[in-house]
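First the structure, in the form of structure tokens, and then the observations on it.
We use all heavy atoms of the structure for the numbers below, so side chains are in, but hydrogens, waters and symmetry mates are not. Per chain, numbering begins at 1; letters A, B, ... match sequence-line order.
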Amino acid sequence: MGVSPRRIQDAHELVELWHRAAVGRELHEAEGFEDQIAEAHAQRIEIDERIASLSAARDSAHARADALGAEVDGRTYEAMFDVLLEQARAVELRAVALREAEDGEDSDWLRQLGSGPLAPKLAEYVEFRQKVEPGLSAFPVTYRSVVRQHHEAVKQELTDWFEAQDLKPVKVDAKPLTLDVVLAVDVPEDELAVIMAVLPVASDVQARWAERHDGLGMLIAARAVEGLYKCAHAMGHREAQVLFGGHRGLIAVEIELEGDPVDLGPAFAGAVQAALDRAPELEAAKIRAQVGVLPVEQVLPPEALEGGADAG
Amino acid sequence: MLDDLKPLTLGAAARHIGVDPFEVVRLLVLRGESASLRIPRSQIEALREFAGVELWWTPEAPRVEDDNPKRGRVRSSLAMLLERGHVGEEMTRVDNLWRGLPVRDQEIHDEAVNLLAEAGILRLQSTVQGLKVAVADRDKLQVLIDGGEFPEAIAKYWE
């Protein structure tokens, strides 16, 4: 008797067994992938968070960089005024040296006058100033009048003599001093252009001129103003007026004009530079000045820019 | 001592003429005489005349009676402006009104003139000779000279 052949059902069961086992293996593997996917998701969230954090840090750095750009004008404004104030102090020192040199030259003039034909007039003049004038008020009016009249005649002879001399500016024995003069052009909407200049000269030179001896600062400021007027006049604005003010201890001047703001800066800078370059008294004092045009944002104080106010 | 004999510095010339040193510079530039900033004494009178500088506030200047001295001086200056015929096109340098007065009075005058110009009572004009002024409304100015109330914005300067 032989072995019974397998039944179809047996074959089905075998296939079923194989299928169950194979599916079990694959599902087990799928579970493994599921874990890895969950782990990858978690990592992705972490990476997204890190990207967001890094992006925020990058944006913040960009914002800070932009803010630094905006700060340049303010810092330039501060630095520029510090430099000009330092230069103004150097001008005051040079003014002392100039005054000493002028005193020395006065001694030479006194010697020259005292040994020439006007020597008696000089002696009379000096005697009046030193001995007669201090007590003159004690004398009767008529006497005072006669004495003063005579003194004025003597003085006139001496001043005539000085006017006839070819008086050159007094030379200073010192190192050359190079200064900066800053110009800017502001063009408020629907208004005249304003040409501004900041000078390396203490504001007291202008504000308290009546109480001060004319010094080097006055000469520097005068030459800068000469340049401004020459340029305005050359443009046909002969009625133009320079306005003065002190800003942070320095002389600040401005002049209002119609004109193309693009051309005004270089034109005025050139004229001021020429006036300073040609000044014989500044050359003798070994002063050189360089005129530069800066953006108005670097010349006006930040609060003036915010409020649209004038310098000064 | 030689400063009194040598050609004048800008400051000294300014004192002689009765303006500030930078106005002297402006005048020198206009006259083409700015090569030297030492000004011969012989040029001073010509510069003063060229600029139209006058001294009104002499000891003999007429005074308008006022119980407030600062306001009185402003009234007096305005009266002199009118009496000297500076009306309409007959303008004069604005600083002629206050030359010779103390600095504080000059500042008050400056403010008052500007405010009266804004009010249409005076007229200001920038000219080659400098900033000039004339009476624009004679009747209104006369009221102020005769004791009328100044606008509040001006009055605060002498209160």
Q: Answer yes or no: are there more than 12 heavy-atom neighbours, outside B:Gln142 itself, under 6.0 Å from its atom CD?
A: yes

Q: Specify which of B:Leu131, B:Val103, B:Leu30 makes the most heavy-atom pairs with chain A at under 4.5 Å.
A: B:Leu30

Q) Under a 4.5 Å heavy-atom cut-off, does chain B meet the side chain of A:Val253, its backbone, both or neither? A) neither

Q | chain B contact via A:Ala240 - which portion, at a heavy-atom distance below 4.5 Å | A | backbone

Q | Atom group of A:Leu219 that falls short of 4.5 Å from chain B, counting heavy atoms | A | both

Q: Against chain A, work out which of B:Val128, B:Val25, B:Leu2 has the most heavy-atom pairs shorter than 4.5 Å and name it.
A: B:Leu2

Q. Once you round to the nearest 0.5 Å, how far does CG of A:Leu243 lie from CZ of B:Phe22?
A. 13.0 Å

All donor-acceptor atom pairs under 3.5 Å, backbone and side chain, chain B-chain A:
unit_1	atom_1	unit_2	atom_2	d
B:Asp3	OD2	A:Arg99	NH2	3.3
B:Asp4	OD2	A:Arg129	NH1	2.4
B:Asp4	OD2	A:Arg129	NH2	3.3
B:Lys6	NZ	A:Asp106	OD1	2.6
B:Thr9	OG1	A:Asp214	OD2	3.0
B:Leu10	N	A:Asp214	OD2	3.0
B:Gly11	N	A:Asp214	OD1	3.3
B:Gly11	N	A:Asp214	OD2	2.5
B:Arg15	NH1	A:Ala210	O	3.1
B:Ser34	O	A:Arg223	NH1	2.7
B:Ser34	OG	A:Glu226	OE2	2.6
B:Ala35	O	A:Arg223	NH2	2.9
B:Arg41	N	A:Glu163	OE2	2.7
B:Ser42	N	A:Glu163	OE2	3.2
B:Ser42	OG	A:Glu163	OE1	2.9
B:Ser126	OG	A:Glu239	O	3.0

Q | Considering all heavy atoms, the nearest A:Ala222-B:Leu10 contact | A | CB-CD1, 3.3 Å

Q.
With a 4.5 angstrom heavy-atom cut-off, is it the side chain or the backbone of B:Leu28 that approaches chain A, or both, or neither?
A. neither

Q: Flag the one option from B:Ala14, B:Ala12, B:Pro7, B:Pro40 with the top tally of heavy-atom pairs under 4.5 Å to chain A.
A: B:Pro40

